[in-house]
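These notes are about the structure you will find just below.
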Amino acid sequence: MRARGSATPSPTDTPSAGAITLRGIVKEFPLRRGTALRALDRLDLEIARGEFVALLGPSGCGKSTVLRLAAGLEQPTDGEVLVEGRSPAELITAHRLGVAFQEHALLPWASARSNVALPFRVAGRQVDRERVDALLELVGLAGFEDARPRQLSGGMRQRVAIARALALEPDVLLLDEPFGALDAVTRRRMNLELARIWMEQQITTLLVTHDVDEAVLLADRVVVMTGRPGRVRHVQQVEIPHPRGSDVTRDPEFHALVDRLTGMLDDPEPAAAAS
Ligand code: ADP
């Protein structure tokens with residue numbers, strides 16, 4: 001396994017500990033008149049340190065709910081969620097979680113630099129200007145430090161959001177359709193950027209996407225969920241070696257995997273297929 005850029009020892013830092021563990025997760029949302037919608041049903045998922053996992057599945061199967069559980073934004077109805085051996089709430093308090101969603105939620109009046117520096121301010125820490133500028137360079141925005149979000153393209157805004165998620169050197173990065181609003185060409189370029197950034201940082205990453213190419217290009221493992229209520233239907237190891245550049249998309253293995261996973265998504269799963 002490649003060394004991570006920033007190892008942060010914790011009391012639970014054992015070699016066997018997963019970075020993200022979801023065990024027997026049931027998630028129900030209350031509806032009117034005492035009924036409930038079961039979004040997840042006994043979902044198990046274990047993500048190793050430094051691993052990049054992509055979550056695929058039909059719309060409404062609970063992908064975002066999984067991410068929101070890992071981010072501590074939702075509580076499971078049943079089951080256990082651990083991130084780096086701790087509850088997501090503890091990780092948030094310790095500012096060890098980096099999160100970027102489709103809605104990048106940048107401060108519109110603040111420069112790219114101030115947006116990336118925001119987590120330092122939220123954490124009550126002195127802004128590390130050097131790190132902020134290094135991150136802007138990492139995501140290809142050197143020279144745009146003083147630009148406001150409206151002066152940046154959609155792809156550039158997403159890069160600011162990713163730089164911001166990386167600001168405090170998180171242990172875990174949670175990405176929910178971070179490129180969902182982009183056109184296909186920009187999206188592919190951003191995928192390649194993210195692949196490069198991930199090679200440099202080696203942060204445990206959980207990506208929710210509906211884009212099969214994106215999942216195979218980026219992930220060590222692709223987890224396919226069943227329709228609602230969501231469970232793990234299939235786990236696909238992606239053996240294509242890193243670093244993965246644009247040439248990967250011409251690799252027959254890449255296409256074989258994309259076809260296989262696309263076929264799975266097109267095909268309603270057999271009733272007892274979940275593991
Ligand atoms: P996905 O990301 O796979 O499209 P979601 O995790 O967003 O799916 O949602 C899974 C299911 O849970 C959907 O049917 C959705 O309508 C429902 N759901 C999600 N959040 C809530 C909520 N806060 N209240 C009620 N239902 C919700």
Side-chain angles (χ1 to χ4, degrees), residues 1-10 13 18-20 47-54 70 83-84 91 95-101 104 106 112-113 115-120 123 125 127-145 152 155-179 182 186-209 211 213-222 238-249 251 254:
M1 169 102 341
R2 296 150 297 218
R4 284 192 52 224
S6 61
T8 310
S10 75
D13 206 5
I20 304 177
I47 300 177
R49 289 233 165 83
E51 193 180 23
F52 194 126
V53 169
V83 185
E84 289 288 318
L91 264 276
H95 303 283
R96 308 299 325 146
L97 266 181
V99 178
F101 291 161
H104 50 72
L106 301 180
R113 186 184 270 133
N115 269 292
V116 176
L118 185 66
F120 287 96
R125 295 186 201 166
V127 175
D128 181 343
R129 282 256 328 218
E130 247 173 61
R131 174 155 179 84
V132 168
D133 284 358
L135 279 168
L136 282 164
E137 190 172 341
L138 179 73
V139 298
L141 287 178
F144 291 90
E145 293 86 354
L152 300 171
M156 290 162 120
R157 289 199 285 267
Q158 288 304 142
R159 289 175 207 208
V160 176
I162 287 173
R164 184 178 58 184
L166 293 170
L168 298 181
E169 300 186 44
D171 294 325
V172 168
L173 193 57
L174 302 173
L175 304 173
D176 191 353
E177 293 276 8
F179 313 127
L182 304 180
T186 311
R187 184 174 191 142
R188 174 53 55 90
R189 201 178 305 137
M190 288 300 298
N191 287 166
L192 295 170
E193 286 282 315
L194 182 57
R196 182 182 60 77
I197 292 166
W198 185 81
M199 273 305 289
E200 286 188 24
Q201 306 274 317
Q202 298 289 316
I203 296 174
T204 309
T205 304
L206 178 57
L207 167 79
V208 163
T209 182
D211 185 317
D213 286 42
E214 181 169 285
V216 176
L217 178 64
L218 290 167
D220 295 312
R221 273 192 304 152
V222 179
V238 181
E239 305 285 3
I240 302 168
H242 296 279
R244 298 181 190 157
S246 55
D247 49 334
V248 166
T249 55
D251 183 334
F254 174 86

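Position 1 is the first residue of the sequence, and the numbers go up from there. Because only heavy atoms are used, hydrogens play no part in the values below, and waters and symmetry mates are left out as well, while side chains stay in.
Surrounding CZ of F254 are more than 12 heavy atoms belonging to other residues, nucleotides or ligands, all under 6.0 Å away.
For the atom pair CD1 of I203 and CG of L166, the computed distance is 5.0 Å after rounding to the nearest 0.5 Å. The line from CD of E214 to CZ of F179 is 6.0 Å long, rounded to the nearest 0.5 Å. Annotation: the span from I20 atom CD1 to R49 atom CZ amounts to 11.0 Å, rounded to 0.5 Å. The OG1 atom of T249 sits 7.5 Å away from atom CG of L192, with the distance rounded to the nearest 0.5 Å.
Looking at residues two or more places apart in sequence or on another chain, you find a salt bridge (Lys or Arg N to Asp or Glu O under 4.0 Å) between R196 and E193, E200. In this structure, the side chain to side chain contact (heavy atoms under 4.5 Å, CB included) partners of A163, at least two apart in sequence or on a different chain, are V116, L135, V139. Listed by chain and number, the residues in a side chain to side chain contact (heavy atoms under 4.5 Å, CB included) with R113 are S111, R129, V132, D133, L136, E145, D146 (sequence neighbours excluded). Residues forming a side chain to side chain contact (heavy atoms under 4.5 Å, CB included) with A134 (at least two apart in sequence, or on another chain): none. Residues forming a side chain to side chain contact (heavy atoms under 4.5 Å, CB included) with L91 (at least two apart in sequence, or on another chain): V83, E84, R86, R96, L97, D171. Residues passing the salt bridge (Lys or Arg N to Asp or Glu O under 4.0 Å) test with R188, sequence neighbours excluded: D213.
Of the residues listed (L152, N115, I162), the one engaging R157 in a side chain to side chain contact (heavy atoms under 4.5 Å, CB included) is L152, and it is the only one.
Ring geometry for F52 versus W198: interplanar angle over 60°, hence perpendicular rather than tilted (30 to 60°).
Between the side chain of R244 and the main chain of V216, a donor-acceptor pair closer than 3.5 Å is present.
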